Amino acid sequence: MRIIKTVFKIFVISVILVAIIIAGIALYMKFYGKSLLENALSNMLGSKVKFESVSLNLDKYTVNFRDFSILSEINFDENILNAEKCTLILNKERFEKEKKIAFEDIVIKKGVLNIERNKEGIFNISYNSPRKIDDRGAIAYAATPADSGGLYNFAQNVRKLTIKDSVINFKDYYVPQGPFTITCDNFNLDFTSGQESGSSSDPIPVKYTLSFRIPNTRYRDGEFLLSAGMDVYKHQVDTKMAVETKYIDLMQFLPYFESYTPFSFNTGLFSSSTNFRMHNNMIDSTTTMVFHKLNLIIDPGMENAKFLETSANRLVPYLMSGKGEIIFDFIIKGPVDNPRIGLGPRLKFAIGLVVIEELGNFIQQLQKLQK
Amino acid sequence: MKKVILYTILFLSLTSIVFAVDEDTYVQFVADSVITAHRLKGNPNAMELWADEMLKKYPNFMSQEWQAFEEKIVKDSALKSRVYNKILENIISKGYNAHILDLGGGATTIEIED
(Lines give C-alpha, C1' and ligand atoms only; values in the text may rest on other atoms or scores of the structure.)
Protein backbone atom coordinates (compact mmCIF):
# COMPACT_ATOMS: atom_id res chain seq x y z
CA MET A 1 0.00 0.00 0.00
CA ARG A 2 2.87 2.31 0.88
CA ILE A 3 4.50 1.50 -2.43
CA ILE A 4 1.31 2.44 -4.29
CA LYS A 5 1.13 5.71 -2.35
CA THR A 6 4.79 6.46 -3.13
CA VAL A 7 4.29 5.68 -6.85
CA PHE A 8 1.17 7.87 -6.89
CA LYS A 9 3.09 10.71 -5.21
CA ILE A 10 5.92 10.40 -7.75
CA PHE A 11 3.33 10.41 -10.57
CA VAL A 12 1.61 13.51 -9.20
CA ILE A 13 4.93 15.30 -8.68
CA SER A 14 6.03 14.32 -12.22
CA VAL A 15 2.78 15.62 -13.72
CA ILE A 16 3.14 18.89 -11.77
CA LEU A 17 6.78 19.19 -12.89
CA VAL A 18 5.88 18.57 -16.54
CA ALA A 19 3.03 21.08 -16.24
CA ILE A 20 5.42 23.63 -14.70
CA ILE A 21 7.98 23.04 -17.48
CA ILE A 22 5.30 23.34 -20.21
CA ALA A 23 3.86 26.46 -18.56
CA GLY A 24 7.40 27.84 -18.25
CA ILE A 25 8.11 27.28 -21.95
CA ALA A 26 4.74 28.81 -22.84
CA LEU A 27 5.41 31.80 -20.62
CA TYR A 28 8.95 32.14 -22.01
CA MET A 29 7.61 32.03 -25.57
CA LYS A 30 4.88 34.48 -24.65
CA PHE A 31 7.18 37.01 -23.05
CA TYR A 32 10.49 36.42 -24.86
CA GLY A 33 9.75 34.29 -27.99
CA LYS A 34 7.56 36.99 -29.48
CA SER A 35 10.16 39.67 -28.97
CA LEU A 36 12.88 37.36 -30.36
CA LEU A 37 10.84 36.89 -33.52
CA GLU A 38 10.06 40.60 -33.70
CA ASN A 39 13.77 41.39 -33.44
CA ALA A 40 14.67 38.83 -36.11
CA LEU A 41 12.03 40.26 -38.48
CA SER A 42 13.08 43.83 -37.68
CA ASN A 43 16.65 42.99 -38.62
CA MET A 44 15.52 41.25 -41.76
CA LEU A 45 13.32 44.13 -42.98
CA GLY A 46 15.55 46.90 -41.69
CA SER A 47 12.55 48.36 -39.84
CA LYS A 48 11.09 47.79 -36.38
CA VAL A 49 8.33 45.22 -36.52
CA LYS A 50 5.59 44.39 -34.00
CA PHE A 51 2.67 41.95 -34.03
CA GLU A 52 -0.05 40.83 -31.67
CA SER A 53 0.04 37.06 -32.26
CA VAL A 54 1.67 34.54 -34.56
CA SER A 55 0.71 31.06 -35.73
CA LEU A 56 2.86 28.58 -37.61
CA ASN A 57 2.08 25.90 -40.15
CA LEU A 58 5.35 24.01 -40.39
CA ASP A 59 4.14 21.63 -43.10
CA LYS A 60 3.39 24.51 -45.40
CA TYR A 61 6.27 26.70 -44.20
CA THR A 62 3.72 29.39 -43.44
CA VAL A 63 3.73 32.04 -40.72
CA ASN A 64 0.58 34.04 -40.01
CA PHE A 65 0.73 37.29 -38.07
CA ARG A 66 -2.23 39.10 -36.56
CA ASP A 67 -2.14 42.89 -36.16
CA PHE A 68 1.23 43.20 -37.84
CA SER A 69 2.94 46.63 -37.77
CA ILE A 70 6.06 48.22 -39.23
CA LEU A 71 7.03 51.13 -37.00
CA SER A 72 8.32 54.55 -38.04
CA GLU A 73 11.78 55.34 -36.72
CA ILE A 74 11.48 58.77 -35.11
CA ASN A 75 9.20 61.78 -34.84
CA PHE A 76 6.44 60.55 -37.12
CA ASP A 77 2.77 60.35 -36.19
CA GLU A 78 1.89 56.84 -37.29
CA ASN A 79 3.37 53.41 -37.92
CA ILE A 80 4.45 52.91 -41.53
CA LEU A 81 2.21 49.86 -41.85
CA ASN A 82 -0.59 48.38 -39.81
CA ALA A 83 -2.15 45.20 -41.16
CA GLU A 84 -4.86 43.01 -39.72
CA LYS A 85 -3.25 39.96 -41.26
CA CYS A 86 0.16 39.25 -42.73
CA THR A 87 1.08 35.85 -44.12
CA LEU A 88 4.64 34.81 -44.95
CA ILE A 89 5.30 31.65 -46.92
CA LEU A 90 8.93 30.60 -46.81
CA ASN A 91 10.76 29.17 -49.78
CA LYS A 92 11.08 25.56 -48.60
CA GLU A 93 13.73 24.56 -51.12
CA ARG A 94 16.10 27.39 -50.27
CA PHE A 95 15.52 26.91 -46.56
CA GLU A 96 16.32 23.18 -46.70
CA LYS A 97 19.18 23.33 -49.20
CA GLU A 98 20.86 26.64 -48.37
CA LYS A 99 19.60 27.19 -44.80
CA LYS A 100 18.59 30.65 -45.91
CA ILE A 101 15.32 32.49 -45.47
CA ALA A 102 13.64 33.68 -48.67
CA PHE A 103 9.95 34.26 -49.12
CA GLU A 104 7.87 32.46 -51.69
CA ASP A 105 4.92 34.71 -50.95
CA ILE A 106 4.03 37.61 -48.67
CA VAL A 107 0.35 38.48 -48.38
CA ILE A 108 -0.87 41.56 -46.54
CA LYS A 109 -4.62 42.02 -46.13
CA LYS A 110 -6.51 45.06 -44.91
CA GLY A 111 -3.36 47.05 -44.31
CA VAL A 112 -2.98 50.75 -43.70
CA LEU A 113 0.14 52.27 -45.24
CA ASN A 114 0.96 55.64 -43.67
CA ILE A 115 3.33 57.74 -45.79
CA GLU A 116 4.40 60.89 -44.03
CA ARG A 117 6.76 63.76 -44.86
CA ASN A 118 8.00 65.83 -41.96
CA LYS A 119 8.75 69.57 -41.83
CA GLU A 120 12.33 68.90 -42.97
CA GLY A 121 11.02 67.18 -46.11
CA ILE A 122 12.05 63.68 -45.04
CA PHE A 123 9.71 60.75 -45.62
CA ASN A 124 9.07 58.21 -42.85
CA ILE A 125 9.81 55.39 -45.29
CA SER A 126 13.25 56.77 -46.15
CA TYR A 127 14.39 56.48 -42.54
CA ASN A 128 14.02 52.73 -42.72
CA SER A 129 16.87 51.35 -44.76
CA PRO A 130 17.79 47.68 -44.72
CA ARG A 131 20.56 46.64 -42.34
CA LYS A 132 23.08 43.91 -42.76
CA ILE A 133 22.21 40.78 -40.83
CA ASP A 134 24.59 39.23 -38.36
CA ASP A 135 25.10 35.95 -40.18
CA ARG A 136 27.17 34.20 -37.55
CA GLY A 137 24.24 31.81 -37.00
CA ALA A 138 23.33 28.85 -39.17
CA ILE A 139 20.42 30.69 -40.76
CA ALA A 140 21.05 33.92 -42.61
CA TYR A 141 18.94 36.18 -44.75
CA ALA A 142 19.35 34.93 -48.33
CA ALA A 143 20.88 38.19 -49.58
CA THR A 144 22.91 40.66 -47.61
CA PRO A 145 20.93 43.88 -47.94
CA ALA A 146 23.82 46.27 -47.48
CA ASP A 147 25.91 45.14 -50.43
CA SER A 148 23.76 46.50 -53.28
CA GLY A 149 20.46 48.07 -54.23
CA GLY A 150 17.52 47.36 -51.94
CA LEU A 151 15.25 46.42 -54.83
CA TYR A 152 17.70 43.79 -56.11
CA ASN A 153 17.82 42.17 -52.69
CA PHE A 154 14.07 42.39 -52.32
CA ALA A 155 13.53 40.76 -55.72
CA GLN A 156 16.06 38.09 -54.82
CA ASN A 157 14.36 37.24 -51.53
CA VAL A 158 10.68 37.75 -52.25
CA ARG A 159 9.14 35.87 -55.17
CA LYS A 160 5.66 37.31 -54.67
CA LEU A 161 4.16 40.14 -52.67
CA THR A 162 0.43 40.78 -52.56
CA ILE A 163 -1.30 43.64 -50.80
CA LYS A 164 -5.09 43.48 -50.82
CA ASP A 165 -7.95 45.76 -49.80
CA SER A 166 -5.66 48.24 -48.12
CA VAL A 167 -5.48 51.98 -47.57
CA ILE A 168 -2.78 54.61 -48.11
CA ASN A 169 -2.78 57.65 -45.85
CA PHE A 170 -0.51 60.46 -47.02
CA LYS A 171 0.32 63.30 -44.66
CA ASP A 172 2.66 66.12 -45.68
CA TYR A 173 3.98 68.62 -43.13
CA TYR A 174 6.53 69.96 -45.65
CA VAL A 175 4.11 71.78 -47.96
CA PRO A 176 3.41 75.37 -46.84
CA GLN A 177 -0.02 75.67 -45.17
CA GLY A 178 0.34 71.99 -44.24
CA PRO A 179 -0.24 69.43 -43.03
CA PHE A 180 -1.82 68.25 -46.25
CA THR A 181 -3.58 64.90 -45.93
CA ILE A 182 -5.17 62.58 -48.42
CA THR A 183 -6.48 59.04 -48.14
CA CYS A 184 -6.44 56.51 -50.96
CA ASP A 185 -8.43 53.31 -50.54
CA ASN A 186 -8.79 50.08 -52.47
CA PHE A 187 -5.01 49.85 -52.55
CA ASN A 188 -3.84 46.64 -54.25
CA LEU A 189 -0.35 45.56 -55.21
CA ASP A 190 0.82 42.45 -57.04
CA PHE A 191 4.58 42.04 -57.24
CA THR A 192 6.24 39.01 -58.84
CA SER A 193 9.94 38.43 -59.29
CA GLY A 194 11.27 35.82 -61.68
CA GLN A 195 14.05 33.33 -61.25
CA GLU A 196 17.67 34.43 -61.18
CA SER A 197 19.80 33.01 -63.95
CA GLY A 198 22.62 32.11 -61.59
CA SER A 199 24.96 34.76 -62.94
CA SER A 200 25.15 37.86 -60.78
CA SER A 201 25.50 40.07 -63.89
CA ASP A 202 22.10 38.99 -65.23
CA PRO A 203 19.01 40.90 -64.16
CA ILE A 204 16.10 39.58 -62.13
CA PRO A 205 12.88 40.06 -64.12
CA VAL A 206 10.14 41.71 -62.06
CA LYS A 207 6.51 42.54 -62.85
CA TYR A 208 4.11 44.50 -60.72
CA THR A 209 0.76 46.25 -60.81
CA LEU A 210 -0.37 48.82 -58.30
CA SER A 211 -3.77 50.46 -58.05
CA PHE A 212 -5.74 52.63 -55.67
CA ARG A 213 -8.75 54.92 -55.58
CA ILE A 214 -9.00 58.50 -54.31
CA PRO A 215 -12.45 58.98 -52.79
CA ASN A 216 -14.23 62.18 -53.84
CA THR A 217 -17.48 63.47 -52.39
CA ARG A 218 -18.08 66.10 -55.14
CA TYR A 219 -17.37 64.09 -58.28
CA ARG A 220 -16.68 60.47 -59.09
CA ASP A 221 -13.74 58.81 -57.30
CA GLY A 222 -10.28 59.23 -58.76
CA GLU A 223 -8.40 56.14 -59.93
CA PHE A 224 -4.71 55.27 -60.26
CA LEU A 225 -3.32 52.24 -62.06
CA LEU A 226 0.32 51.42 -62.68
CA SER A 227 1.69 48.34 -64.41
CA ALA A 228 5.38 47.80 -64.86
CA GLY A 229 7.99 45.34 -66.00
CA MET A 230 11.55 45.68 -64.77
CA ASP A 231 14.96 44.12 -65.25
CA VAL A 232 16.58 44.59 -61.87
CA TYR A 233 20.38 44.58 -61.90
CA LYS A 234 22.52 44.95 -58.79
CA HIS A 235 23.29 48.59 -59.50
CA GLN A 236 20.68 49.52 -62.11
CA VAL A 237 17.05 49.06 -63.04
CA ASP A 238 15.67 49.02 -66.59
CA THR A 239 11.94 49.52 -66.61
CA LYS A 240 8.89 49.99 -68.81
CA MET A 241 5.92 51.42 -67.03
CA ALA A 242 2.40 52.47 -67.95
CA VAL A 243 0.54 54.76 -65.57
CA GLU A 244 -3.13 55.66 -65.99
CA THR A 245 -5.04 58.07 -63.79
CA LYS A 246 -8.74 58.87 -64.09
CA TYR A 247 -10.74 61.82 -62.75
CA ILE A 248 -8.26 63.03 -60.15
CA ASP A 249 -9.70 66.16 -58.52
CA LEU A 250 -7.18 69.01 -58.77
CA MET A 251 -8.87 70.74 -55.84
CA GLN A 252 -7.69 67.91 -53.59
CA PHE A 253 -4.11 68.95 -54.37
CA LEU A 254 -4.73 72.70 -54.19
CA PRO A 255 -2.06 73.39 -51.51
CA TYR A 256 0.62 72.23 -53.97
CA PHE A 257 -0.60 74.49 -56.79
CA GLU A 258 -0.96 77.42 -54.41
CA SER A 259 2.54 76.89 -53.02
CA TYR A 260 4.55 75.97 -56.08
CA THR A 261 2.84 77.46 -59.17
CA PRO A 262 1.56 80.93 -60.17
CA PHE A 263 -1.92 79.48 -60.72
CA SER A 264 -4.60 77.46 -58.97
CA PHE A 265 -8.11 76.21 -59.73
CA ASN A 266 -11.76 76.73 -58.89
CA THR A 267 -12.68 73.41 -60.39
CA GLY A 268 -10.81 70.79 -62.37
CA LEU A 269 -10.36 67.08 -62.79
CA PHE A 270 -7.67 65.35 -64.78
CA SER A 271 -7.03 61.98 -66.31
CA SER A 272 -3.62 61.05 -67.63
CA SER A 273 -1.68 58.41 -69.47
CA THR A 274 2.07 58.00 -69.08
CA ASN A 275 4.43 55.72 -70.93
CA PHE A 276 7.67 55.65 -69.02
CA ARG A 277 10.83 53.87 -70.12
CA MET A 278 14.20 53.80 -68.40
CA HIS A 279 17.17 52.02 -69.99
CA ASN A 280 20.81 52.36 -68.94
CA ASN A 281 19.75 55.12 -66.50
CA MET A 282 18.25 57.20 -69.34
CA ILE A 283 14.60 58.22 -69.04
CA ASP A 284 12.21 58.55 -71.97
CA SER A 285 8.67 59.36 -70.93
CA THR A 286 5.56 60.88 -72.52
CA THR A 287 2.53 61.97 -70.53
CA THR A 288 -0.80 63.10 -71.94
CA MET A 289 -3.15 64.80 -69.52
CA VAL A 290 -6.84 65.45 -70.17
CA PHE A 291 -8.43 68.18 -68.04
CA HIS A 292 -12.16 68.21 -67.40
CA LYS A 293 -14.21 71.07 -65.93
CA LEU A 294 -11.05 73.14 -65.67
CA ASN A 295 -11.30 76.66 -64.29
CA LEU A 296 -7.82 78.13 -63.99
CA ILE A 297 -7.07 81.09 -61.70
CA ILE A 298 -3.88 83.10 -62.12
CA ASP A 299 -2.54 84.23 -58.76
CA PRO A 300 -2.62 88.05 -58.41
CA GLY A 301 0.71 89.85 -58.28
CA MET A 302 2.63 87.13 -60.08
CA GLU A 303 5.39 88.57 -62.24
CA ASN A 304 4.53 86.66 -65.38
CA ALA A 305 0.83 86.19 -64.68
CA LYS A 306 -0.16 88.34 -67.64
CA PHE A 307 2.00 86.29 -69.99
CA LEU A 308 0.65 83.02 -68.60
CA GLU A 309 -2.97 84.14 -68.73
CA THR A 310 -2.87 85.59 -72.23
CA SER A 311 -0.87 82.64 -73.55
CA ALA A 312 -3.01 79.99 -71.83
CA ASN A 313 -6.25 81.50 -73.15
CA ARG A 314 -4.89 81.54 -76.68
CA LEU A 315 -3.51 78.01 -76.54
CA VAL A 316 -6.62 76.38 -75.13
CA PRO A 317 -8.66 76.45 -78.41
CA TYR A 318 -5.94 74.29 -80.01
CA LEU A 319 -5.80 71.84 -77.11
CA MET A 320 -9.49 70.92 -77.11
CA SER A 321 -10.54 67.28 -77.36
CA GLY A 322 -13.95 68.04 -78.85
CA LYS A 323 -15.75 67.03 -75.65
CA GLY A 324 -15.05 70.23 -73.76
CA GLU A 325 -11.81 68.77 -72.42
CA ILE A 326 -8.33 70.25 -72.69
CA ILE A 327 -5.43 68.02 -73.67
CA PHE A 328 -1.93 68.80 -72.50
CA ASP A 329 1.18 66.70 -73.03
CA PHE A 330 4.76 66.77 -71.86
CA ILE A 331 7.87 64.66 -72.12
CA ILE A 332 10.62 63.80 -69.67
CA LYS A 333 13.94 62.76 -71.18
CA GLY A 334 17.57 62.40 -70.20
CA PRO A 335 19.75 60.94 -67.47
CA VAL A 336 17.91 59.72 -64.40
CA ASP A 337 19.79 62.09 -62.09
CA ASN A 338 19.16 65.12 -64.31
CA PRO A 339 16.13 64.61 -66.56
CA ARG A 340 14.67 67.40 -68.71
CA ILE A 341 10.99 68.21 -68.91
CA GLY A 342 9.82 69.38 -72.33
CA LEU A 343 6.67 70.10 -74.30
CA GLY A 344 4.79 67.19 -75.79
CA PRO A 345 3.90 67.10 -79.52
CA ARG A 346 0.35 68.36 -78.98
CA LEU A 347 1.41 71.35 -76.93
CA LYS A 348 4.16 72.14 -79.45
CA PHE A 349 1.56 72.18 -82.21
CA ALA A 350 -0.70 74.53 -80.23
CA ILE A 351 2.15 76.92 -79.47
CA GLY A 352 3.25 76.80 -83.11
CA LEU A 353 -0.23 77.81 -84.24
CA VAL A 354 -0.38 80.71 -81.77
CA VAL A 355 3.16 82.05 -81.40
CA ILE A 356 4.77 83.18 -84.64
CA GLU A 357 8.30 82.62 -83.37
CA GLU A 358 7.49 78.95 -82.70
CA LEU A 359 6.13 78.09 -86.15
CA GLY A 360 9.46 76.60 -87.25
CA ASN A 361 9.56 74.35 -84.18
CA PHE A 362 6.06 73.22 -84.94
CA ILE A 363 6.92 72.32 -88.54
CA GLN A 364 10.02 70.49 -87.33
CA GLN A 365 7.74 68.46 -85.03
CA LEU A 366 5.53 67.58 -88.02
CA GLN A 367 8.62 66.49 -89.98
CA LYS A 368 9.68 64.23 -87.10
CA LEU A 369 6.26 62.60 -86.93
CA GLN A 370 6.33 61.93 -90.67
CA LYS A 371 9.64 60.08 -90.50
CA MET B 1 36.92 66.47 -112.13
CA LYS B 2 35.37 69.64 -113.57
CA LYS B 3 32.15 67.71 -114.16
CA VAL B 4 32.09 66.58 -110.53
CA ILE B 5 32.57 70.14 -109.28
CA LEU B 6 29.91 71.46 -111.67
CA TYR B 7 27.43 68.78 -110.62
CA THR B 8 28.20 69.50 -106.95
CA ILE B 9 27.62 73.24 -107.46
CA LEU B 10 24.41 72.50 -109.38
CA PHE B 11 23.22 70.09 -106.66
CA LEU B 12 24.01 72.57 -103.88
CA SER B 13 22.27 75.43 -105.65
CA LEU B 14 19.23 73.23 -106.38
CA THR B 15 18.98 72.08 -102.75
CA SER B 16 19.37 75.65 -101.53
CA ILE B 17 16.49 76.66 -103.84
CA VAL B 18 14.38 73.85 -102.40
CA PHE B 19 15.14 74.45 -98.70
CA ALA B 20 15.72 78.17 -98.29
CA VAL B 21 12.87 80.48 -97.25
CA ASP B 22 12.85 84.08 -98.45
CA GLU B 23 11.01 87.01 -96.87
CA ASP B 24 8.04 87.01 -99.28
CA THR B 25 7.50 83.25 -98.93
CA TYR B 26 7.69 83.57 -95.15
CA VAL B 27 5.18 86.45 -95.04
CA GLN B 28 2.71 84.65 -97.31
CA PHE B 29 3.07 81.34 -95.45
CA VAL B 30 2.66 82.78 -91.94
CA ALA B 31 -0.33 84.89 -93.01
CA ASP B 32 -2.04 81.80 -94.46
CA SER B 33 -1.07 79.79 -91.36
CA VAL B 34 -2.62 82.35 -88.99
CA ILE B 35 -5.83 82.52 -91.06
CA THR B 36 -6.11 78.72 -91.32
CA ALA B 37 -5.44 78.28 -87.58
CA HIS B 38 -8.06 80.91 -86.76
CA ARG B 39 -10.69 79.04 -88.78
CA LEU B 40 -9.83 75.78 -87.00
CA LYS B 41 -10.04 77.14 -83.44
CA GLY B 42 -11.77 74.68 -81.09
CA ASN B 43 -11.58 71.84 -83.63
CA PRO B 44 -10.09 68.74 -81.93
CA ASN B 45 -8.31 67.84 -85.18
CA ALA B 46 -6.93 71.35 -85.71
CA MET B 47 -3.32 70.30 -86.20
CA GLU B 48 -4.07 67.58 -88.76
CA LEU B 49 -6.46 69.82 -90.71
CA TRP B 50 -3.99 72.71 -90.57
CA ALA B 51 -1.25 70.48 -92.01
CA ASP B 52 -3.57 69.22 -94.78
CA GLU B 53 -4.62 72.71 -95.83
CA MET B 54 -1.10 74.12 -95.75
CA LEU B 55 0.20 71.17 -97.80
CA LYS B 56 -2.37 71.90 -100.48
CA LYS B 57 -1.18 75.52 -100.71
CA TYR B 58 2.52 74.86 -100.13
CA PRO B 59 3.33 71.27 -101.24
CA ASN B 60 7.01 71.66 -100.26
CA PHE B 61 6.66 73.43 -96.94
CA MET B 62 7.61 70.35 -94.91
CA SER B 63 11.05 70.25 -96.51
CA GLN B 64 11.75 73.95 -96.15
CA GLU B 65 14.00 75.48 -93.53
CA TRP B 66 11.71 77.79 -91.58
CA GLN B 67 13.75 77.89 -88.39
CA ALA B 68 16.77 79.49 -90.06
CA PHE B 69 14.65 82.41 -91.27
CA GLU B 70 12.98 82.72 -87.85
CA GLU B 71 16.37 82.92 -86.16
CA LYS B 72 17.34 85.71 -88.56
CA ILE B 73 14.19 87.65 -87.66
CA VAL B 74 14.60 87.16 -83.90
CA LYS B 75 18.14 88.57 -84.06
CA ASP B 76 17.16 91.64 -86.11
CA SER B 77 14.38 93.70 -84.49
CA ALA B 78 14.00 96.05 -87.52
CA LEU B 79 13.57 93.07 -89.83
CA LYS B 80 11.16 91.46 -87.37
CA SER B 81 9.00 94.58 -87.20
CA ARG B 82 8.93 94.93 -90.99
CA VAL B 83 8.12 91.24 -91.62
CA TYR B 84 5.39 91.05 -88.93
CA ASN B 85 3.75 94.23 -90.25
CA LYS B 86 3.80 92.75 -93.76
CA ILE B 87 2.10 89.60 -92.39
CA LEU B 88 -0.52 91.75 -90.67
CA GLU B 89 -1.16 93.76 -93.85
CA ASN B 90 -1.49 90.52 -95.81
CA ILE B 91 -4.09 89.18 -93.36
CA ILE B 92 -6.04 92.45 -93.31
CA SER B 93 -5.98 92.58 -97.14
CA LYS B 94 -7.83 89.24 -97.12
CA GLY B 95 -10.70 90.80 -95.19
CA TYR B 96 -9.82 89.97 -91.60
CA ASN B 97 -9.69 92.36 -88.66
CA ALA B 98 -6.38 91.59 -86.98
CA HIS B 99 -3.66 93.05 -84.76
CA ILE B 100 -0.18 92.16 -83.52
CA LEU B 101 0.03 91.22 -79.84
CA ASP B 102 3.23 90.94 -77.81
CA LEU B 103 2.80 87.99 -75.44
CA GLY B 104 5.99 88.76 -73.53
CA GLY B 105 9.04 86.56 -73.21
CA GLY B 106 9.89 87.10 -76.90
CA ALA B 107 6.60 85.57 -78.04
CA THR B 108 4.34 87.36 -80.53
CA THR B 109 0.97 86.46 -81.92
CA ILE B 110 -1.25 87.93 -84.61
CA GLU B 111 -4.78 87.85 -83.32
CA ILE B 112 -7.73 87.79 -85.68
CA GLU B 113 -10.85 89.20 -84.10
CA ASP B 114 -13.97 87.00 -84.25
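Note: hydrogens, waters and symmetry copies are ignored here, and every other heavy atom, side chains too, is used. Letters A, B, ... are given to chains in the order of the sequence lines, protein chains preceding strands, and every chain is numbered from 1. This is a predicted model, so every value here is computed, not measured.
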Supply the atom-to-atom distance [X] [atom1] to [Y] [atom2], rounded to the nearest 0.5 angstrom.
X	Y	atom1	atom2	value
B/Q67	A/Q364	CD	CD	4.0 Å
B/N45	A/M320	CG	CE	13.0 Å
A/L353	B/S33	CG	OG	6.0 Å
B/T109	A/I351	OG1	CD1	11.5 Å
A/N361	B/W66	CG	CH2	14.5 Å
B/W50	A/F349	CH2	CZ	9.0 Å

Is [X] atom [atom1] crowded by more than 12 heavy atoms from other residues, nucleotides or ligands, each under 6.0 Å away?
X	atom1	answer
B/K86	NZ	yes
A/Y174	OH	no
A/R218	CZ	yes
A/K293	NZ	no
A/K119	NZ	no
B/K57	NZ	yes

inquiry  = Looking at every non-hydrogen atom in both residues, tell me the closest pair between A/E357 and B/E70 and how far apart they are.
reply    =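 Minimum heavy-atom separation between A/E357 and B/E70: O-OE1, 3.0 Å.
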B/F69: partners by ring pair (Phe, Tyr, Trp, His ring centres under 6.0 Å), with sequence neighbours left out = B/Y26
task = Tell me, please, which residues at least two apart from A/H292 pass ring pair (Phe, Tyr, Trp, His ring centres under 6.0 Å).
result =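 Ring pair (Phe, Tyr, Trp, His ring centres under 6.0 Å) list for A/H292, sorted by chain: A/Y247.
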task = Residue by residue, scan residues 34-44 of chain B and write down, ordered by number, those that have a heavy-atom distance under 4.5 Å to chain A; if none do, write 'none'.
result = B/A37, B/H38, B/K41, B/G42, B/N43, B/P44
Contact origin within B/I110 toward chain A - heavy atom pairs under 4.5 Å =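 Its backbone and side chain both get close to chain A.
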key: Contact origin within B/E111 toward chain A - heavy atom pairs under 4.5 Å   = side chain
ask   = Do B/Q64 and A/I363 come close enough that some side-chain heavy atom pair is under 4.5 Å?
value =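 The answer is no; the side chains never approach within 4.5 Å.
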request  = Apply side chain to side chain contact (heavy atoms under 4.5 Å, CB included) to B/T108 and A/V355, showing your working.
outcome  = CA-CA 6 Å; B/T108 315; A/V355 180; 5.9 Å; no
task = Provide the full list of ring pair (Phe, Tyr, Trp, His ring centres under 6.0 Å) pairs with a residue in residues 83-102 of chain B, sequence neighbours left out, each pair given once.
result =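 Every pair satisfying ring pair (Phe, Tyr, Trp, His ring centres under 6.0 Å) with a residue in residues 83-102 of chain B: there are none.
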